[in-house]
Amino acid sequence: MKIGEEFSQVATDLIKFQEKHDIPDNQMAVDLHMTVERFHAIKSMQVQPTQDEVKIIKQFIVHNK
């Protein structure tokens, strides 16, 4: 998977997870231990998440299905 594809997949996964669990952005940011501004930037694909952020997001989604 290319970096751009992984990047957009992370954003898509975040949106789907939030919709499924009805979790607002503020709560997701707190749960992921990041600022709301950073969360919004990742979710809207304005910035690319670091590898650590990708790992944290993926682990969070997997463990909270």
Side-chain angles (χ1 to χ4, degrees):
M1 183 178 298
K2 293 180 183 175
I3 296 212
E5 291 172 1
E6 182 178 24
F7 178 29
S8 64
Q9 188 61 51
V10 168
T12 301
D13 291 346
L14 282 171
I15 293 166
K16 287 180 180 179
F17 183 86
Q18 281 186 276
E19 288 175 351
K20 179 180 178 182
H21 297 283
D22 194 29
I23 300 173
D25 287 355
N26 292 345
Q27 186 60 51
M28 280 295 296
V30 168
D31 291 345
L32 294 169
H33 304 284
M34 64 177 65
T35 65
V36 176
E37 293 80 9
R38 181 71 180 168
F39 177 78
H40 282 156
I42 292 169
K43 183 177 162 186
S44 64
M45 296 191 296
Q46 293 175 348
V47 299
Q48 186 166 337
T50 65
Q51 288 299 327
D52 286 340
E53 288 170 331
V54 170
K55 183 178 175 183
I56 289 166
I57 291 166
K58 287 181 177 183
Q59 286 178 344
F60 179 84
I61 289 172
V62 167
H63 289 103
N64 292 286
K65 286 196 174 211

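In this text, all values refer to a predicted model and were calculated from it rather than measured experimentally.
- Atom CG of D22 has 12 or fewer heavy atoms from other residues, nucleotides or ligands within 6.0 Å.
- Every residue meeting the side-chain hydrogen bond (donor to acceptor under 3.5 Å, both in side chains) condition with D25, not counting sequence neighbours, appears here in chain and number order: Q18, H40, K43.
- Closest approach of V54 to P49, counting heavy atoms only: CG2-CG, 3.6 Å.
- Both M28 and V47 belong to a single network of hydrophobic side chains, linked directly or stepwise wherever heavy atoms of I, L, V, M, F, W or Y lie under 4.5 Å apart.
- Here ring-ring contact (aromatic ring centres under 6.0 Å, His included) pairs that include residues 43-64, with residues two or more places apart or in two chains, are F17-F60.
- For the side-chain hydrogen bond (donor to acceptor under 3.5 Å, both in side chains) test, no residue two or more places apart in sequence or in another chain qualifies with Q59.
- Here the shortest heavy-atom pairing between L14 and L32 reads CD2-CD1, 4.1 Å.
- The distance from the CD atom of Q48 to the CD1 atom of I42 is 10.0 Å, given to the nearest 0.5 Å.
- Among residue pairs with one or both ends in residues 27-38, those qualifying as salt bridge (charged side-chain N to carboxylate O under 4.0 Å, His left out) are R38-E53; sequence neighbours excluded.
- Tracing side-chain contacts under 4.5 Å through hydrophobic residues (I, L, V, M, F, W, Y), one never reaches I23 starting from V30; they form parts of separate clusters.
- One finds the CD1 atom of I61 at 12.0 Å from the CD1 atom of I56 (value rounded to the nearest 0.5 Å).
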